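Worksheet: the structure to be examined is printed underneath.
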Amino acid sequence: MTAGSELLGRYARSMVPVFGTPQLVLASGDGCWVTDVDGRRYLDLLSGIAVNALGHAHPALVQAVAKQAEAAIHLSNFFTSEPAIALAERILQIAAAPAGSGVFFTNSGTEAIEAALKLSRRTGRSKIVALEGSFHGRSTGALALTHKAAYREPFEPLLPGVVFVPAGDEQALRDAVDTTTAAVILEPIQGEAGVRELADDYLRLARELTTSTGALLVVDEIQCGIGRTGDWFAHQRSGVVPDAMTLAKGLGGGVPIGALVTFGDRVTGLLEAGQHGTTFGGNPLACAAGLAVLDTIERDDLLEHVVTVGALLDDLDVEGVAATRGRGLMRAIELDGIPAPAAMEAARNAGFIVNAVTPTALRLTPPLVITADELQSFLAALPTILEAAKGAGR
Ligand SMILES: *Cc1c(COP(=O)(O)O)cnc(C)c1O
């Protein structure tokens, strides 16, 4: 019996089974590589679902966390700390947020969405327009905005007042947004739907409609933000300035942290002293990690790097690939007649970690630091992987 199968047996006897059986028991990571408990190495093209922006064990992140742990890990929001203030300032700067903007730190993406929901309620309205294909989290508030019925229906009734419209359908959006709408919430690139980009024109329409009806425009950049597309935030190239933005995943490079960013003093002032809170959110350890991630992305020109290496995935002329989607290092490979779970397994057997984001598509969200050579090694192996997956599917 391998160490991995022994541990998976213990897992099955000790965990709530919501994640099914994990694929591997991983022990450590270094750069874009992870190693399992049996010593097998894999090229990590998923990075913990767009979380490990700097890969694993990046010295800048490791040192920042170690140094901060020695100074203070947690202080509570009765107090504050320089890392929290500095990270808030840095986020507002890269978001090009106007004066009067603000940051509320959380521990996860879901909590950032919850904060956005409470912010929206403060408009005095309760209707929320969300998109089909959306994923915004699993709490009973965030889940109400998450479109997938299998996630939502076992837990209904959820937060009322949510209306789903087909993503990208301009007329449906026009019809749905009115003066009773508290907020329109959207992912500029829908991650869990299989990496589906919204057109910049659609984002601009959402901005127009929310402005004219007095609703908030909330962009969920939890997966597509923090440099993943080659911009700091995916909505930025549309020129749209949202009212609020949610962040998490890549922000801490693996240390749990999320954030709600509010744009301008009118929106920032909607949440008053005492109206929201968190015990752990904004702790100096997580904020020091966030600062290390943002500083490294800037210092190492990773936004440019993401565009350059990401271009390797633009058009794949590979047997078994029907199409590719996404930009930068947030990509999906739509397969032609090959089940994505079989392709994921074949990739793993060949030493590559990818994710079957839908039954027919693989998702690639590698660390932003991945090299062209590392990505090329996957592309070189892809025909064989897909061939093996085809055979397994028969
Ligand atoms: C992952 C994700 C969330 C939820 O974040 P958690 O940290 O898992 O709570 C919300 N929205 C989007 C777009 C996500 O990708």
Side-chain angles (χ1 to χ4, degrees), residues 16 18-19 46-53 104-120 128-148 151-152 155 158-159 162 164 167-168 183-198 203 206 217-229 231-235 242 244-261 278 280-283 286 289-290 293 325-332 355-358 361 363-366 368:
V16 173
V18 290
F19 298 108
L46 185 62
S47 58
I49 321 180
V51 167
N52 304 100
F104 175 80
F105 287 116
T106 68
N107 311 292
S108 67
T110 297
E111 287 168 82
I113 294 289
E114 291 294 333
L117 277 170
K118 284 182 72 175
L119 182 82
S120 320
I128 308 269
V129 177
L131 304 192
E132 293 180 5
S134 63
F135 181 86
H136 297 295
R138 304 280 206 139
S139 66
T140 51
L143 187 56
L145 312 175
T146 291
H147 183 243
K148 195 167 173 171
Y151 291 171
R152 223 169 358 98
F155 303 99
L158 299 166
L159 186 80
V162 181
F164 290 103
V184 172
I185 178 158
L186 52 83
E187 301 155 79
I189 304 179
Q190 295 189 320
E192 300 308 303
V195 187
R196 298 195 173 270
E197 295 182 78
L198 294 177
L203 295 185
L217 176 62
V218 181
V219 293
D220 181 350
E221 295 251 7
I222 290 168
Q223 189 163 153
C224 58
I226 315 291
R228 180 130 305 269
T229 61
D231 291 310
W232 279 111
F233 304 108
H235 72 272
M245 171 167 73
T246 52
L247 301 175
K249 293 204 164 83
L251 178 56
V255 177
I257 183 169
L260 171 72
V261 184
T278 165
F280 293 124
N283 69 80
V293 169
R325 289 191 296 273
R327 56 186 198 257
L329 287 176
M330 181 169 182
R331 300 280 182 159
N355 160 251
V357 66
T358 71
R363 168 171 48 181
L364 269 56
T365 52
L368 308 186

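Basis for what follows: all heavy atoms, side chains included, without hydrogens, waters or symmetry-related copies. Atoms within a ligand are numbered from 1 in the order they appear, just like the ligands themselves. Keep in mind the model is a prediction, meaning the values are calculated, not measured.
- Within ligand 1, the atoms closer than 4.0 Å to a non-hydrogen atom of D220 are 10 (C), 11 (N), 12 (C), 13 (C), numbered from 1 in the order shown.
- Just one residue in the list E187, H136, Q190 forms a side-chain contact (heavy atoms from CB on, under 4.5 Å) with L131, and that residue is Q190.
- Considering both main-chain and side-chain atoms, K249 comes within under 3.5 Å of ligand 1 through a nitrogen or oxygen pair.
- Looking at heavy atoms from C-beta onward, D220 lies out of side-chain contact with L145 at the 4.5 angstrom threshold.
- Around the CZ atom of F280, the shell of radius 6.0 Å holds no more than 12 heavy atoms that belong to other residues, nucleotides or ligands.
- Atom numbering of ligand 1 starts at 1 in the shown order; those under 4.0 Å from a heavy atom of S108 are 7 (O), 9 (O).
- Not counting sequence neighbours, the partners of F104 by the ring pair (Phe, Tyr, Trp, His ring centres under 6.0 Å) test are H276.
- Checking only distances, F135 does come within under 3.5 Å of ligand 1, N or O to N or O.
- The parts of T110 lying near ligand 1 are both backbone and side chain, judged by heavy-atom distances below 4.0 Å.
- Applying the side-chain hydrogen bond (donor to acceptor under 3.5 Å, both in side chains) rule to R138 yields no partners; only residues at least two apart in sequence or on another chain are considered.
- Residue E187 has at least one heavy-atom neighbour below 4.0 Å for each of these atoms of ligand 1: 13 (C).
- Listed by number with element, the atoms of ligand 1 under 4.0 Å from a non-hydrogen atom of H136 are 10 (C), 11 (N).
- The N/O atoms of G109, backbone and side chain alike, include one that comes under 3.5 Å of an N/O atom in ligand 1.
- Here the closest heavy-atom approach between residue C224 and residue A234 is recorded as SG-CB, 3.7 Å.
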